[in-house]
Amino acid sequence: MASSSTWGLLLLAGLCCLVPISLAEGLQGHAVQETDVPRHDHEQHQEAACHRIAPNLADFAFSLYRQVARQSNTSNIFLSPVSIATAFAMLSLGTKGATHAEILEGLQFNLTEKAEAEIHEGFQHLLHTLNQPDNQLQLTTGNGLFVDKKAKLVPKFLEDVKNLYHSEAFSINFRDTEEAKKCINDYVEKGSQGKIVDLVDELDKDTVFALVNYIFFKGKWEKPFEVEQTTEEDFHVDEETTVKVPMMNRLGMFDLHHCEKLSSWVLLMDYVGNATAFFILPDQGKLHQLEDMLTKEILAKFLEKRYPSSANLHLPKLTISGTYDLKSLLGNLGITKVFSDEADLSGVTEEQPLKLSKALHRAVLTIDEKGTEATGATILEAIPMSIPPNVKFNKPFLFLIYDTKTKAVLFMGKVMNPTQK
């Protein structure tokens, strides 16, 4: 019985705490979650709302990725742009004035072209669609709002966060930091099916509330690899460094072609369900050119014109992760006031001025052959008599995971060294 191949497991979790401006120093940021859409809303309307914000989310994804890439040329990259955007869109519900405008504009929304209500409706429908129980992908998102027992949050903020972003609310005592950490960590561990343990290791006793978000994803390839075909091969990190990695291998029909414009091999692989993975392997010396040129328009063209061709494909098994300080990354995208003493979070609580003192984003990815369930299916494909190209992803490459139903880039990353955890 051949095990079906999956893009194992994607985890994202974080903590976003607000503290009084005079005290601020101790929190984290992150996001994504499901939504509640009125029953009378039609599926078409839901999808239309998702699609209206999809171009903005794609622009944000590429802008954010480039900021991370500029910080390091040697590290793996893995993040969930849609998750970060959701977190800050949700936080914007409690901001006002310049703080409010900066967040939405930093997320690539033009407030003169798109009404704010339309933006939040887009996120609501996006998250609702991603969390459909009949979705063949294992994709679960959630959001928890932990409020200090003594804090008095603005009722409209609580109502909007619950209704638009379907957030659960919990009342805890942040003065008892150990108990507060346990409540938050237990929530995330349960929501992530036990994969994220002890997320919070430090918590400021002056925290007013914490926003905790997670996403759990597990996908199964439509065309799996055979475990028996995986062998150890070289991966060329750079001209001086070569490492050994387990390389999955399959001869078959793939949506794979060489793009002259990007000077790269482009591979599209579908999951069972609504997601497609892009793997983009640049020619020697063309990695930075690829990073600069890749846009949502180019991705759209790849999705429009799909055609199979034969290839002998080699793809590494790996586990990579990314942890990012969003204060500096988003600051470069113009989101600064929410982290400063000029922050206006009076839509969260009117009792005392607040600011966001720290925002962290964490994500983990595993690519392996372990399926969600064993399958006895054997895929037989007719291979042309001509000799197929031997395409090896054995040097740094980019990848994205794209949800075809919502048109959202769920995850984006770069593999520089598969052995680097």
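The figures here come from the full heavy-atom set of this structure, side chains too, leaving out hydrogens, waters and symmetry mates.
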Short N-O contact, Arg66 and Glu291, less than 4.0 angstrom: no
N-O pairing of Arg52 and Glu118 below 4.0 Å: yes
Report the distance from atom CD of Glu228 to atom CG of Asn249, rounding to the nearest 0.5 Å. 12.0 Å
Check whether any side-chain heavy atom of Asp59 lies under 4.5 Å from a side-chain heavy atom of Phe109, and answer yes or no. no
Closest heavy-atom contact between Asp344 and Thr99? N-OG1, 3.0 Å
What distance do Ile84 atom CD1 and Phe60 atom CZ have between them, rounded to the nearest 0.5 Å? 5.5 Å
Take Glu116 and His120 through the test side-chain hydrogen bond (donor to acceptor under 3.5 Å, both in side chains) and record every step on the way to the result. CA-CA 6 Å; Glu116 188 180 346; His120 292 301; 3.2 Å; yes
About how many Å separate NZ of Lys301 and NZ of Lys296, when rounded to the nearest 0.5 Å? 12.5 Å
Sequence neighbours excluded - salt bridge (Lys or Arg N to Asp or Glu O under 4.0 Å) pairs with any residue from residues 256-269: none
Would you call Lys181 and Glu202 a salt bridge, taking side-chain N to carboxylate O under 4.0 Å as the test? no
Of all heavy-atom pairs linking Ile320 and Gln420, the shortest is CG2-O, 3.9 Å
If you define the side chain from C-beta out and look only at heavy atoms, does anything of Lys205 sit under 4.5 Å from Phe174? no
For a 4.5 angstrom cut-off between non-hydrogen side-chain atoms, does Lys114 reach Asn110? no
So, do Phe254 and Ser309 sit near enough that their side-chain heavy atoms are less than 4.5 Å apart? no
What do you reckon, are the aromatic ring centroids of Tyr187 and Phe146 less than 6.0 Å apart? yes
Indicate yes or no: at least one non-hydrogen side-chain atom of Ile172 is less than 4.5 angstrom from one of Val147. no
Taking the inter-plane angle between the rings of Trp221 and Tyr271 on a 0 to 90° scale, is it parallel (under 30°), tilted (30 to 60°) or perpendicular (over 60°)? parallel
If you define the side chain from C-beta out and look only at heavy atoms, does anything of Ile77 sit under 4.5 Å from Val415? no
The test is side-chain hydrogen bond (donor to acceptor under 3.5 Å, both in side chains); show your working for Asp204 and Thr207 and say whether it passes. CA-CA 5 Å; Asp204 194 314; Thr207 299; 4.9 Å; no
Would you give the length of the straight line joining atom NE2 of His51 to atom OG1 of Thr406, rounded to the nearest 0.5 angstrom? 6.5 Å
With rounding to the nearest 0.5 Å, note down the distance linking SG in Cys50 to CD in Gln124. 10.0 Å
Do the non-hydrogen side-chain atoms of Leu107 and Ile119 ever get within less than 4.5 Å of each other? no
Are any non-hydrogen side-chain atoms of Val243 and Val237 less than 4.5 angstrom apart? yes
Would you please test Asn332 and Gln67 for side-chain hydrogen bond (donor to acceptor under 3.5 Å, both in side chains) and show each step? CA-CA 8 Å; Asn332 291 331; Gln67 289 298 328; 3.1 Å; yes
Looking at CG of Leu299 and CD1 of Ile280, how far apart are the two atoms once the value is rounded to the nearest 0.5 Å? 6.0 Å
I'd like to check the salt bridge (Lys or Arg N to Asp or Glu O under 4.0 Å) partners of Asp255; sequence neighbours left out, ordered by chain and number. Arg306
Please determine if Lys407 and Asp403 form a salt bridge, counting it only when a charged side-chain N lies under 4.0 Å from a carboxylate O. no
With under 30° as parallel and over 60° as perpendicular, where do the rings of Phe411 and Phe78 fit, or are they tilted in between? parallel
side-chain hydrogen bond (donor to acceptor under 3.5 Å, both in side chains) evaluation trace for Asn274 with Thr404: CA-CA 5 Å; Asn274 303 316; Thr404 54; 4.6 Å; no
